[in-house]
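Each remark here refers to the structure printed beneath this line.
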Amino acid sequence: MKIEIIKEQFDPWEMLVDYKKNQLQNDAKIGASSIFLGTMRDFNDDKDIKSMELEHYPGMTEKYLTKLVDDSIQKFKIIDGLVIHRVGLLKPTDPIVLVATWSEHRDNAFNATREIMESLKSEAPFWKKESTNTGFKWVKPKGQSEDVVDES
Amino acid sequence: MKIEIIKEQFDPWEMLVDYKKNQLQNDAKIGASSIFLGTMRDFNDDKDIKSMELEHYPGMTEKYLTKLVDDSIQKFKIIDGLVIHRVGLLKPTDPIVLVATWSEHRDNAFNATREIMESLKSEAPFWKKESTNTGFKWVKPKGQSEDVVDES
Amino acid sequence: MKIYVKYFANIRDLIGKDSERIDIGKGMTAKEIWNLITNGSKMPQNILVAVNHEYVNIEHVLKDGDELAFFPPVTGG
Amino acid sequence: MKIYVKYFANIRDLIGKDSERIDIGKGMTAKEIWNLITNGSKMPQNILVAVNHEYVNIEHVLKDGDELAFFPPVTGG
């Protein structure tokens, strides 16, 4: 298993090849690899995005992702899993997140990669701030209304 | 879009990088890439597999896969899709099939790659013949009973 | 009327050749052609039939010059 | 009793700093600490709270030496 929060631009395929070659055991037991790559788009909600700042909560983010992949290995009976997530200043087309899982049969890897991505999107402590022509703006999750509303 | 039936061992990551670099348009519109890689295991139904012969129906296989990816582009509103499938003599750990789809949002690419794999497994004309210690044997689909039963 | 017939995987092993050109009567179905080729031997369960690279059912009627194929359930991927 | 408090993203902008060490009374909840820090200003909707790197709800009671964090809904991936 590998979890990495990375400050510099990364090459997802190089990292996959490197991990598979140097760390992944039981190669000939693997029948299925399911990989998801999230990359930065140059638009969002019809605005042009120039760049993006990605922040995380050092310590908590790594802990959350480690538990997430650990739980997936148990739940989906996958052989191994990997998550690489970028932080810092990003430009369009930059890789943001790489998730890979390996299993004997395809159903397990497909389901594990999907659930890791869904959990990561909804719970892993990362925050995006986009830079557009009109300035900086914190990204809101999909379907979320404006903040600063009293809930007390 | 790219469909390729390939007779020699292939490097899936090299082919992905090459396709993305040279043929994939609208890079900065892509937010999600969903990739599946099927590789040859050294066991199946508790038997040790030495090697495997993969046969296809030249002409029909390519036509089937082209329509499958074309239909997925429409149905899932993905930006592009690619399928590479190996034929010939394979050894354990060899890549068998690479499926990649690209889309703006993750749901589309996840669903498209999954459906392409499921359709490919159930309908694309490929056949596997395994070589074990006890000789050659045509692989049966999962849950399939013995053949040569009268259905007339 | 002539058609071209192809066999794959264990169906090829069963028939003993990978393809042949045969003469058929007008209006013959894929199933009738199977019986003609095999002298009426049992059709393997779940056999798949394609004409001109498209799946068809065993009652499909062949036309002159068609390419007919018989093969077992697929196992790629 | 002392705890360490961290703020992220737009919550950091709102508070005007990224972290601080504060004195709290025994038995105080995360929500009471928010009120203490902000002089009773409204808690942003959907605010998330973590103690020692685990999610907790706003009624969670803090202990001496805890690391408390306030942040908005996450947007990674």
Side-chain angles (χ1 to χ4, degrees), chain A residues 5 36-40 44-45 52-68 83-87 90 95-99 113-114 116-130 136-152, chain D residues 3-22 24 28-63 65-77:
Chain A
I5 310 294
F36 180 82
L37 178 69
T39 42
M40 188 183 156
N44 196 13
D45 300 334
M52 187 169 78
E53 186 82 36
L54 239 163
E55 182 183 345
H56 78 304
Y57 182 173
M60 179 169 175
T61 309
E62 293 83 346
K63 187 179 176 179
Y64 177 84
L65 293 176
T66 301
K67 185 174 187 312
L68 177 58
V83 176
I84 315 282
H85 202 295
R86 177 76 187 280
V87 291
L90 284 80
I96 299 172
V97 59
L98 174 70
V99 173
T113 294
R114 183 78 202 242
I116 288 170
M117 268 310 296
E118 297 308 317
S119 297
L120 185 155
K121 294 284 288 189
S122 66
E123 295 192 322
F126 291 103
W127 303 276
K128 288 172 179 163
K129 191 158 83 170
E130 291 170 345
F136 288 97
K137 193 168 184 289
W138 289 104
V139 175
K140 290 208 163 45
K142 281 214 156 49
Q144 195 89 27
S145 59
E146 289 301 303
D147 53 13
V148 200
V149 171
D150 195 4
E151 62 158 19
S152 59
Chain D
I3 64 164
Y4 193 61
V5 194
K6 292 191 168 187
Y7 312 104
F8 292 95
N10 66 347
I11 303 295
R12 180 181 55 235
D13 297 347
L14 191 72
I15 302 288
K17 53 186 129 186
D18 63 6
S19 64
E20 60 187 321
R21 189 176 274 280
I22 60 164
I24 60 163
M28 281 184 85
T29 64
K31 191 178 177 184
E32 287 164 352
I33 294 166
W34 174 269
N35 288 330
L36 178 72
I37 290 162
T38 63
N39 291 312
S41 84
K42 289 173 178 172
M43 210 171 196
Q45 193 184 32
N46 298 324
I47 196 168
L48 295 171
V49 185
V51 171
N52 302 332
H53 298 163
E54 299 270 7
Y55 283 107
V56 298
N57 72 52
I58 55 173
E59 303 300 341
H60 183 91
V61 174
L62 278 282
K63 297 190 305 290
D66 276 351
E67 176 173 312
L68 171 65
F70 294 107
F71 49 81
V74 305
T75 54

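Here is the naming used below: chain letters follow the sequence lines, and residue numbers restart at 1 for every chain. Quantities reported herein were computed from a predicted structural model and do not represent experimental measurements.
A heavy-atom distance below 4.5 Å is found between the side chains of D:F71 and A:M60.
Ranked by non-hydrogen atom pairs under 4.5 Å with chain D, the options A:L98, A:V139, A:L120, A:L54 are led by A:V139. The candidate with the highest count of non-hydrogen atom pairs below 4.5 Å against chain D, out of A:K121, A:H85, A:E62, is A:K121.
Remark: the backbone N or O of A:E123 is paired with a side-chain donor or acceptor of D:Y55 at under 3.5 angstrom. Of the possible donor and acceptor atoms, none in the side chain of A:K129 sits under 3.5 Å from a partner among the backbone N and O of D:N10.
Results of the side-chain contact (heavy atoms from CB on, under 4.5 Å) test with A:W138 over D:I11, D:T75, D:D13 single out D:D13 as the only residue that passes.
Summarising the geometry of D:F8 relative to A:E55, their closest heavy-atom pair is CD2-OE2, 3.3 Å, with the distance given to 0.1 Å. Residues D:V74 and A:A124 come closest through the heavy atom pair CB-O, 3.1 Å.
Looking at D:N52, the atoms closer than 4.5 Å to chain A (heavy atoms on both sides) all sit in the backbone: N, CA, C or O. Of the atoms belonging to A:T61, not a single heavy atom falls under 4.5 Å from chain D.
For D:W34, the ring-ring contact (aromatic ring centres under 6.0 Å, His included) test picks out D:F70, with sequence neighbours left out. Remark: D:Y7 engages no residue in a ring-ring contact (aromatic ring centres under 6.0 Å, His included) (not counting sequence neighbours).
Two rings, from D:H53 and A:Y57, have their centers less than 6.0 Å apart.
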